[in-house]
Amino acid sequence: MKYFPLFQHFQLALIDSNPCTLSKAEIRFHIAHLYEIQKKFRAAKEAYESILQTDNLPAQVKATALQHLGWMHHTVEQLGDRGTKDSYAIQCLQKSLEADPNSGQSWYFLGRCYSSIGKVQDAFISYRQSIDKSEASADTWCSIGVLYQQQNQPMDALQAYICAVQLDHGHAAAWMDLGTLYESCGQPHDAIKCYINATRSKACTNTSTLTQRIKLLQPLAGDVTCPTYAGETQMTCIPATPLPSP
């Protein structure tokens with residue numbers, strides 16, 4: 001119900017012939033986005049695709065609509081089978097980048113899509129572009145860490161995760177992944193410290209599971225003093241290893 005007044009406002013603005021600070025295409029985009037944040041994904045998909053049929057669509061509106069459409073197909077199960085959704089998501093994100101090649105967010109989303117289908121080199125290239133085009137992002141470095149870990153490159157993964165938590169001390173996923181990395185390398189003491197930091201994050205969604213994991217590891221690690229952030233775990237943020245060349 002809280003979104004209904006917004007819908008009314010945008011619908012009235014859409015039919016109003018008076019001057020407006022937003023173009024008709026921008027208003028239609030906001031309507032589509034309202035569907036998306038309400039999890040009305042099929043309505044959002046139809047609205048975004050309708051926008052893209054508009055003649056003389058401004059490049060920024062086109063890029064943003066394609067970005068949302070692509071990422072929605074990657075993340076929402078109800079929009080089709082995995083293979084079809086990923087192919088469509090990549091296609092949308094590539095077109096989004098044609099309209100706005102400097103979008104770090106679109107490059108990051110494209111990297112995530114490539115990573116999910118095992119196109120490691122393409123994923124690395126996309127993540128590197130994301131870092132080059134936008135401010136340093138903890139999400140991007142965390143995803144790079146996951147990719148390195150999947151490629152059995154633990155030291156590179158370590159560097160990427162540490163960069164992620166240095167950029168965002170409350171990045172629960174990076175702390176969890178870093179803890180998993182330490183655990184896989186037989187370092188339960190460091191793993192516990194990372195899991196503790198993850199549970200302290202407001203973004204943590206599985207605190208109870210991590211708490212149980214910490215209890216299981218404690219007998220292997222001895223007494224652990226709870227750290228707050230990376231500096232207190234005596235981990236240094238090593239300059240990230242350059243990503244592979246294309």
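Along the sequence shown, residues are numbered consecutively beginning with 1. Not measured: the values here are computed from a predicted model.
Scanning for side-chain hydrogen bond (donor to acceptor under 3.5 Å, both in side chains) contacts around S126 gives an empty result, with sequence neighbours left out. Taking the side-chain contact (heavy atoms from CB on, under 4.5 Å) definition, one finds that S115 meets it with A123, Y127, L147, Q150, sequence neighbours left out. For N206, the side-chain contact (heavy atoms from CB on, under 4.5 Å) partners two or more places apart in sequence, or in a different chain, are M176, C204, T209, L210. With sequence neighbours excluded, no residue forms a side-chain contact (heavy atoms from CB on, under 4.5 Å) with P101. Judged as a side-chain hydrogen bond (donor to acceptor under 3.5 Å, both in side chains), and not counting sequence neighbours, Q151 has no contacts. Among residues two or more places apart in sequence or in another chain, the side-chain hydrogen bond (donor to acceptor under 3.5 Å, both in side chains) test is passed with Y35 by none. Residues satisfying the side-chain contact (heavy atoms from CB on, under 4.5 Å) test with D86, not counting sequence neighbours, are H74, R82, S116, I117. Under the side-chain hydrogen bond (donor to acceptor under 3.5 Å, both in side chains) criterion, N18 pairs with D16, sequence neighbours left out.
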D190 and K193: side-chain contact (heavy atoms from CB on, under 4.5 Å), yes or no, with the steps? CA-CA 5 Å; D190 291 315; K193 292 178 180 181; 4.3 Å; yes
Could you please spell out the steps behind the side-chain contact (heavy atoms from CB on, under 4.5 Å) verdict for Q212 and L216? CA-CA 6 Å; Q212 289 299 315; L216 289 172; 5.5 Å; no
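The shortest side-chain heavy-atom distance between C194 and Y182 falls under the 4.5 Å cut-off. Counting heavy atoms from C-beta outward, T180 and Y195 have side chains that approach closer than 4.5 Å.
A tilted orientation is assigned to the rings of F124 and Y148, their planes being inclined by 30° to 60°.
Hydrophobic cluster membership for L57: F29, F41, Y48, I51, L52, V61, L66, L69, M72, V76, L79, Y88 (Ile, Leu, Val, Met, Phe, Trp, Tyr linked by side-chain heavy atoms under 4.5 Å, directly or transitively).
Side-chain polar atoms of N197 and H169 form no donor-acceptor pair below 3.5 angstrom.
Annotation: salt bridge (charged side-chain N to carboxylate O under 4.0 Å, His left out) contacts involving residues 107-124, sequence neighbours excluded, are absent. Judged as a salt bridge (charged side-chain N to carboxylate O under 4.0 Å, His left out), the pairs with a partner in residues 162-184 (not counting sequence neighbours) are, in order, E183-R213. Counting only residues at least two apart or in different chains, salt bridge (charged side-chain N to carboxylate O under 4.0 Å, His left out) contacts with residues 20-47 comprise K45-E49.
Across all their heavy atoms, T140 and S130 have their closest contact at OG1-OG, 3.5 Å. Closest approach of L93 to C113, counting heavy atoms only: CD1-SG, 3.7 Å. Scanning all heavy atoms of the two residues, the minimum distance from A191 to G179 falls at CB-O, 3.3 Å. Taking all atoms of both residues into account, the shortest heavy-atom contact from A99 to A63 is CB-CB, 3.8 Å. Annotation for Q149 and L181: closest pair NE2-CA, 3.7 Å, computed over non-hydrogen atoms. Heavy-atom minimum distance, S134 versus G104: OG-CA, 3.7 Å.
To the nearest 0.5 Å, the span separating CD on Q105 from OG1 on T64 amounts to 11.0 Å. The SG atom of C92 lies 11.0 Å from the CG atom of L110; values are rounded to the nearest 0.5 Å.
When the shell of 6.0 Å around CD of Q78 is examined, it contains more than 12 heavy atoms from other residues, nucleotides or ligands.
Not one N or O on the side chain of S87 forms a donor-acceptor pair closer than 3.5 Å with the backbone of T84.
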